[in-house]
Amino acid sequence: YKIAKAHQVQIIHTQCRTSMLNSQLARTKLQIPLITHEHHMYNPEEYTQAVEELQEGADKIITIGPYTAQALIENGLQKSITPIINGINMKNILPISQKEKFIARSSLNLEKSDKVIVCISRLEPGKGIDKLVRAFAIVAQTLPQAKLVVVSDDATQKTLSQITQIVKTHKLTNNFFYYPREYNIIKLHAIAYVFCYNTL
């Protein structure tokens, strides 16, 4: 509230319901329109509260995609929703030279012949990484040089243990690589034969 008042803010853009709720004092006292950006899918029992808070707490809602918007509408949200899919400026990333690919693969002990699938995602149930690993097990049976590289900076121990067990069960120890903190996006694109990002 103090920041918004001091800087004569004309609009508030929050990145989730938590920051939306924390912005209500500024919104109501200063009469500032509030846009919130919904990044999440919720468990069925959570939608009633989420929809109620969004209905009352935001003047406009942006979602990261149409599926998220549809889920909110189906659960009773009656506000205008605009899906905006996340984008990236490709000028600084592509094209990736053969030399960059070789260096990147060497740094991760990958062979030139490896068919690498890269997934960059939080490791939590809603991201469906367990399903990705199970699907990859089928790929690895047909294509032994296939490798799955999963990169995450936010893993729950339960999900990580579950994925580790799937890897052991399907004998993917030599085909599966997990990097908990690898932020070099260019390097990850350089090693990728395929990029996969699956969610529920």
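Residues take their numbers from the sequence shown, with the count starting at 1.
Counting heavy-atom neighbours within 6.0 Å of Glu52 CD, excluding the residue itself, gives a total of 12 or less. For Glu45, the CD atom is densely surrounded, since the number of other residues' heavy atoms within 6.0 Å is greater than 12. The environment of Phe102 atom CZ is sparse: at most 12 non-hydrogen atoms of other residues, nucleotides or ligands sit within 6.0 angstrom.
A side-chain donor-acceptor contact under 3.5 Å links Glu100 and Ser97. Using modelled atom types and a 3.5 Å distance limit, the side chains of Ser23 and Thr14 yield no donor-acceptor pair. Counting only N and O atoms by type, the side chains of Ser80 and Lys60 include a donor and acceptor under 3.5 Å apart.
Checked by atom type and distance alone, the side chain of Gln8 never pairs as donor or acceptor with a backbone atom of Lys5 at under 3.5 Å. Of the possible donor and acceptor atoms, none in the side chain of Gln49 sits under 3.5 Å from a partner among the backbone N and O of Glu46. Of the possible polar contacts, one joining the Lys79 side chain to the Ala58 backbone as a donor-acceptor pair under 3.5 Å is found. Panel note: side chain Asp130, backbone Ile163; no donor-acceptor pair is recorded below 3.5 Å. Here the side chain of His37 pairs no donor or acceptor atom with the backbone of Ile61 at under 3.5 angstrom.
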ask   = Where do Leu34 and Thr36 land on the side chain to side chain contact (heavy atoms under 4.5 Å, CB included) test, with the steps shown first?
value = CA-CA 7 Å; Leu34 187 148; Thr36 191; 4.2 Å; yes
request  = Take Tyr193 and Ile117, measure what side chain to side chain contact (heavy atoms under 4.5 Å, CB included) needs, and give me the verdict at the end.
outcome  = CA-CA 6 Å; Tyr193 191 79; Ile117 301 168; over 6 Å; no
inquiry  = For Phe176 and Val150: C-alpha separation, side-chain torsions, deciding distance, then whether side chain to side chain contact (heavy atoms under 4.5 Å, CB included) applies.
reply    = CA-CA 8 Å; Phe176 177 82; Val150 174; 3.6 Å; yes
task = In sequence, state the C-alpha distance, the side-chain angles, and the governing distance for Ile81 and Ile62, and then conclude on side chain to side chain contact (heavy atoms under 4.5 Å, CB included).
result = CA-CA 6 Å; Ile81 302 175; Ile62 298 171; over 6 Å; no
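Applying the salt bridge (charged side-chain N to carboxylate O under 4.0 Å, His left out) rule to Arg105 yields no partners; only residues at least two apart in sequence or on another chain are considered.
Annotation: the span from Lys168 atom NZ to Gln165 atom CD amounts to 6.0 Å, rounded to 0.5 Å. Between atom CD of residue Gln157 and atom CG of residue Leu123 there is a gap of 10.5 Å, rounded to the nearest 0.5 Å. Annotation: the span from Tyr1 atom OH to Gln24 atom CD amounts to 14.5 Å, rounded to 0.5 Å. Of the inter-residue distances, the one linking Ile3 atom CD1 with Ile12 atom CD1 reads 10.5 Å to the nearest 0.5 angstrom. Distance check: Arg17 CZ to Tyr42 OH gives 4.0 Å after rounding to the nearest 0.5 Å.
With respect to Asp59 and Arg27, a salt bridge is recorded, a charged nitrogen being found less than 4.0 Å from a carboxylate O.
Tyr197 and Val149 fall within a single hydrophobic cluster, where Ile, Leu, Val, Met, Phe, Trp and Tyr side chains are chained together by heavy-atom contacts under 4.5 Å. At a threshold of 4.5 Å between side-chain heavy atoms, the hydrophobic network of Ile, Leu, Val, Met, Phe, Trp and Tyr places Tyr47 and Ile73 in one connected group. Connection of Ile84 to Leu54 is not established within any shared hydrophobic cluster, with ILVMFWY side chains joined at heavy-atom distances below 4.5 Å, either directly or through further cluster members. The hydrophobic clustering, which links ILVMFWY residues whose side-chain heavy atoms are closer than 4.5 Å, places Val118 and Tyr178 apart. Criterion: ILVMFWY side-chain heavy atoms under 4.5 Å apart, direct or through other members. Under it, Val151 and Ile129 are not part of a common hydrophobic cluster.
When all heavy atoms of Ile32 and Ala4 are compared, the closest pair comes out as CD1-CB, 4.1 Å. Nearest approach of Glu53 to Met20, heavy atoms of both residues: O-CE, 3.3 Å. Nearest heavy atom pair, residue Ile191 against residue Leu110, reads CD1-CD1, 4.0 Å. Of all heavy-atom pairs spanning Val51 and Gly76, the tightest one is CG1-C, 3.8 Å. The heavy-atom pair separating Gly65 from Thr63 by the smallest distance is O-OG1, 2.9 Å. What you find for Gln10 and Pro33 is that their closest heavy atoms are O-CD, 3.4 Å.
Annotation: side chain of Val133 is in contact with side chain of Leu172 (closest heavy-atom distance under 4.5 Å). In this structure, the side chains of Asn175 and Phe136 come closer than 4.5 Å at one or more pairs of heavy atoms. For the pair Leu132 and Cys196, the minimum side-chain heavy-atom distance is below 4.5 Å. Considering only heavy atoms from C-beta on, Phe177 stays 4.5 Å or farther from Leu108 through its side chain.
Applying the salt bridge (charged side-chain N to carboxylate O under 4.0 Å, His left out) definition to pairs two or more places apart or across chains, those involving residues 107-122 are Asp114-Lys147, Arg122-Glu124, Arg122-Asp154.
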